[in-house]
Amino acid sequence: MFELADLCNRLQRLWGSVPNVFQAPGRVNLIGEHTDYNDGFVLPAAIQLQTRAAITPVAGRQVIVESAAYDRTEFDLDDPQPAPRNDWSDYVRGTAWSLEHQGVRLKGARLFIDSDIPPGAGLSSSAALEVAAALALLSNAGVTLGPAEIAKVCHRAENEFIGIRSGIMDQFASCNGRSGHALLLDCRSLEVRYVAIPRDITLMVCNTMVRHELAAGEYNARRQQCEEGVAVLSRFLPGIHALRDVTQEQLARFSAELDPVIHRRCRHVIEENCRVLLATQALESGDPRTFGALMQASHQSLRLDYEVSCPELDLMCELALGVNGVYGARMMGGGFGGCVLALARTSASENFRRTVEAGYRCRTGIDCEIYECSTSDGAGPLTIGATQGG
Ligand code: GLA
């Protein structure tokens, strides 16, 4: 990624004007996987890896998007039927579409996107791109929206324009992160409680470097299965709207009514919601061991009940857990590849890196990447003179 001053100088030479620059962070999720689209609880934290969007106005309603990593592309804000082109620019175009859908009248612009979030690793590179683009386009239009509204606009872009029926966790964490903290998010009310992460704990993110093809299709299929579970259970439990409303006892009572696969999917979500609340308590009361045990239970549930893990993720967890000073490890994000998050004592991080890298190479022949993540604030402007913050 370009250093900020360097980026501004380059663009000033190219564009003939000083750009406004906005950043949006990626995120880790400490616990609470596949709960967000079930109106449940999640515990993500924004991280130092980020996407930047630099912008300058142009006359008319054309948006030109350039990036260090991808081909230049452009689109017309007046396109009567904007449709995805199945490339990276869809996230920018989808965000523009969603903002206009929300009633914001955008203006023509030239954008430059730069990022150090590895794509496809489960660190929310796409949400960060949406949020950074939203901030830039809003500032260019002279319109201000609050962080929760921006998260909702970007979430709609992902659901309705891109077609992935994801929950709101990624966009919300990118907009609302706080340095030194994770955020306990109630995905139904969007209420947040910030939870401090002790200084002597490090977030080690281990990229398996694999991404299995089924990821997107299986994601939507899981969501559908959860909805099927709610439809059956609501015959016995009138008034429930989502798996968030079902207790473990209720699920056990009506388990015979559910197809066994649907039952396992529901069990994961209902138990995972409980684990998020218990893990938050553990973090708040300075008990990383209990937190780690809950992370392991989460991984096992994602592997056996939700069936979204894969051999590489399981191996990465096993290797991480074998290192001295690691409290817990689990797969993170949608699944079928991407990253494992391990919670480790800070003093263990060097040994962790050496041991896990060597073990993973030896067992798979693949060189993994390990990112030692620090937490960061949510999205916002990076240049003096910017008109819109997150
Ligand atoms: C992806 C989605 C999120 C969430 C996770 C699973 O990262 O974008 O909304 O559903 O998967 O927890």
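Both ligands and their constituent atoms are indexed starting at 1 by order of listing. Numbering starts at 1 and runs along the sequence shown. Fair warning: this is a prediction, and the values are worked out from it, not measured in the lab.
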Report, in ascending order of atom number, the atoms of ligand 1 lying under 4.0 Å from any heavy atom of G167.
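Numbered from 1, ligand 1 contributes 9 (O).
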In terms of atom number and element, which parts of ligand 1 are under 4.0 angstrom from non-hydrogen atoms of Y37?
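Near Y37, meaning under 4.0 Å from one of its heavy atoms, ligand 1 has 10 (O).
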Should R27 be listed as contacting ligand 1, given a heavy-atom distance under 4.0 Å as the test?
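R27: in contact with ligand 1 (<4.0 Å).
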Heavy-atom check, side chain of [X] versus side chain of [Y], under 4.5 Å:
X    : Y    : result
L283 : L30  : yes
T73  : R85  : yes
I262 : Q225 : yes
S179 : S376 : no

When you measure from atom 5 (C) of ligand 1 to each heavy atom in R223, Q171, M169, R222, which option holds the nearest one?
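The residue whose heavy atom sits nearest atom 5 (C) of ligand 1 is M169.
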For atom 6 (C) of ligand 1, which candidate among E272, E158, E33 provides the closest heavy atom?
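Among E272, E158, E33, the closest heavy atom to atom 6 (C) of ligand 1 comes from E33.
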Angle class for the H34/Y219 ring planes (parallel below 30°, perpendicular above 60°, tilted otherwise)?
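Correct class here is tilted.
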To which protein heavy atom is [atom] closest, and what is the distance rounded to 0.1 Å?
atom                    : answer
atom 3 (C) of ligand 1  : D36 OD2, 3.3 Å
atom 8 (O) of ligand 1  : D170 OD2, 2.6 Å
atom 10 (O) of ligand 1 : Y219 OH, 2.5 Å

Are any of the N or O atoms of H34 closer than 3.5 Å to those of ligand 1?
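So ligand 1 has an N or O lying under 3.5 Å from an N or O of H34.
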Report yes or no: do S285 and D287 form a side-chain donor-acceptor pair below 3.5 Å?
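No, no side-chain donor-acceptor pair sits under 3.5 Å.
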Could you state whether Y306 and V276 fall into the same hydrophobic cluster, counting links through intermediate Ile, Leu, Val, Met, Phe, Trp or Tyr residues with side-chain heavy atoms under 4.5 angstrom apart?
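As far as the 4.5 Å side-chain criterion goes, V276 and Y306 are not connected within one cluster.
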